[in-house]
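Worksheet for the structure shown next.
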Amino acid sequence: MKHQLFVSFATVVIAIVAAVIVMIVHELCKAIAYSMYIKIYNKKYNKTEPCEGVFKIYRYIDPVGVIFAGTSNGIFSKQYPFVIRSKKASLLIGLTGYLSLIVLFAISILCYRTFFGQDIILNANQKYLHYIIVGIKYLFEFLAFFCATLFFVNFYPISTFDISLIIASISPSKYLGIRKFDLFFKLVFIIFSLIGIFTSGGIYIATKALGYPM
């Protein structure tokens with residue numbers, strides 16, 4: 001019983017750690033892209049618009065997203081407070097968000113298949129090393145899973161999500177429509193998250209990429 005409780009607790013902790021890593025990588029990459037845009041904007045228009053705290057990574061961790069990650073395998077992150085002044089910048093930040101998830105997903109799958117593609121045999125007295133190896137294995141699995149899940153999440157039309165930034169770069173009027181019904185979209189999003197719409201897609205993609213039998 002104690003062993004099962006320990007394994008369950010450790011699995012939840014690893015899931016939360018993986019979710020936090022995905023949140024930070026996803027939003028930090030977008031924030032760096034935004035800071036580059038601000039530098040170009042300030043230089044071009046002789047402005048001094050600030051872009052502070054980009055590397056304060058704790059600001060990208062969404063507490064509700066962490067709770068979802070530890071309880072129902074859902075995830076969403078907290079983005080930098082962008083002030084976007086051009087369609088190109090909106091497109092850049094939105095695409096950067098997707099690209100960051102794709103790259104982290106690919107790295108997770110590559111590491112998993114490289115190090116855990118075949119069974120690792122240990123001696124009976126290497127119990128703690130076994131736990132460490134299993135923990136790392138789970139970490140890569142959760143990283144792949146949360147990357148895929150957050151990728152699907154960001155196709156949902158909430159004003160701060162990546163797809164909305166891309167829509168804003170193509171059709172500002174449609175983006176304004178998204179913002180107009182933002183509260184309604186958020187309520188539906190919570191329902192979708194609770195019933196596992198996004199996690200189902202994430203599980204399917206991650207398990208296929210990891211090589212699990214379906």
Side-chain angles (χ1 to χ4, degrees), residues 12-108 111 135-136 139-140 142-156 158-166 168-169 175 178-179 182-183 185-186 189-190 193 198 202:
V12 171
V13 171
I14 293 170
I16 290 174
V17 170
V20 168
I21 291 172
V22 172
M23 291 179 194
I24 291 173
V25 170
H26 178 237
E27 297 299 343
L28 179 60
C29 288
K30 291 163 61 178
I32 291 173
Y34 175 71
S35 67
M36 294 170 61
Y37 153 71
I38 288 297
K39 288 180 180 179
I40 295 171
Y41 174 83
N42 287 343
K43 184 177 180 180
K44 184 176 181 179
Y45 296 101
N46 195 25
K47 301 286 186 178
T48 57
E49 187 168 314
C51 183
E52 300 174 346
V54 168
F55 292 101
K56 294 179 179 179
I57 58 176
Y58 61 84
R59 71 188 307 163
Y60 308 124
I61 303 172
D62 191 299
V64 179
V66 170
I67 293 172
F68 268 87
T71 57
S72 60
N73 290 329
I75 183 176
F76 46 92
S77 52
K78 185 192 300 182
Q79 73 173 18
Y80 188 88
F82 303 124
V83 180
I84 302 173
R85 305 190 184 280
S86 73
K87 292 182 179 181
K88 289 182 179 180
S90 184
L91 180 63
L92 171 66
I93 296 168
L95 291 178
T96 299
Y98 287 120
L99 182 61
S100 67
L101 293 173
I102 292 171
V103 171
L104 183 56
F105 179 82
I107 292 173
S108 303
C111 290
I136 295 173
L139 179 64
F140 286 132
F142 277 118
L143 283 174
F145 165 68
F146 284 128
C147 282
T149 301
L150 192 57
F151 189 85
F152 283 118
V153 164
N154 275 280
F155 275 102
Y156 187 85
I158 288 179
S159 60
T160 56
F161 286 2
D162 296 344
I163 190 63
S164 297
L165 294 172
I166 294 174
S169 70
Y175 177 74
I178 292 174
R179 294 203 58 164
D182 197 49
L183 180 59
F185 286 143
K186 286 178 179 177
F189 172 76
I190 292 174
S193 297
F198 305 110

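Residue numbers count from 1 along this sequence.
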[X] side chain near [Y] side chain, heavy-atom distance below 4.5 Å:
X	Y	value
Ile32	Phe55	yes
Ile158	Ile178	no
Thr149	Val22	no
Thr48	Asn42	no
Thr160	Phe82	no
Val64	Phe76	yes
Ile93	Thr96	no
Tyr60	Val54	yes

| Intermediate values then yes/no, ring-ring contact (aromatic ring centres under 6.0 Å, His included), Tyr34 and Tyr80 | CA-CA 9 Å; Tyr34 175 71; Tyr80 188 88; 5.6 Å; yes

| said: Using ring centroids (six-membered ring only for Trp), state whether Phe155 and Tyr98 fall under 6.0 Å. | reply: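 Yes, the ring centres sit under 6.0 Å apart.
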
| message | Would you say the ring centers of Tyr156 and Phe161 fall short of 6.0 Å from each other? | response |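 For Tyr156 and Phe161, the ring centres are not under 6.0 Å apart.
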
Minimum heavy-atom separation for [X] and [Y], please, with both atom names.
X	Y	value
Leu92	Ala33	CD2-O, 3.9 Å
Tyr175	Ser164	CD1-O, 3.3 Å
Glu27	Ser77	OE2-OG, 2.6 Å
Ala15	Phe146	O-CE1, 3.2 Å
Ile75	Ala19	CD1-O, 3.6 Å
Leu143	Ser108	CB-OG, 3.3 Å

Nearest 0.5 angstrom please: [X] [atom1] to [Y] [atom2], how far?
X	Y	atom1	atom2	value
Ile21	Phe142	CD1	CZ	12.5 Å
Ile38	Glu52	CD1	CD	11.5 Å
Leu99	Leu104	CG	CG	11.0 Å
Ser169	Leu91	OG	CG	4.0 Å
Leu28	Ile24	CG	CD1	8.0 Å
Asn154	Phe198	CG	CZ	9.5 Å

| task | Examine distances only and state if a side-chain atom of Ser90 and a backbone atom of Leu165 form a donor-acceptor pair shorter than 3.5 Å. | result |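 Pair found, side chain donor or acceptor close to backbone of Leu165.
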
| Parallel, tilted or perpendicular for Tyr41 and Tyr37, by the 30°/60° rule? | tilted

| query | For Gln79, which of Arg59, His26, Lys30 qualifies under side chain to side chain donor-acceptor pair (under 3.5 Å)? | reply |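 Looking at Arg59, His26, Lys30, the match for Gln79 under the side chain to side chain donor-acceptor pair (under 3.5 Å) is Lys30.
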
| said: Quick one, Asp162 with Leu95, criterion side-chain contact (heavy atoms from CB on, under 4.5 Å). Give me CA distance, side-chain angles, the key distance, then yes/no. | reply: CA-CA 7 Å; Asp162 296 344; Leu95 291 178; over 6 Å; no

| field | Chi angles and distances behind the side-chain contact (heavy atoms from CB on, under 4.5 Å) call for Leu150, Val153 | value | CA-CA 5 Å; Leu150 192 57; Val153 164; 4.2 Å; yes

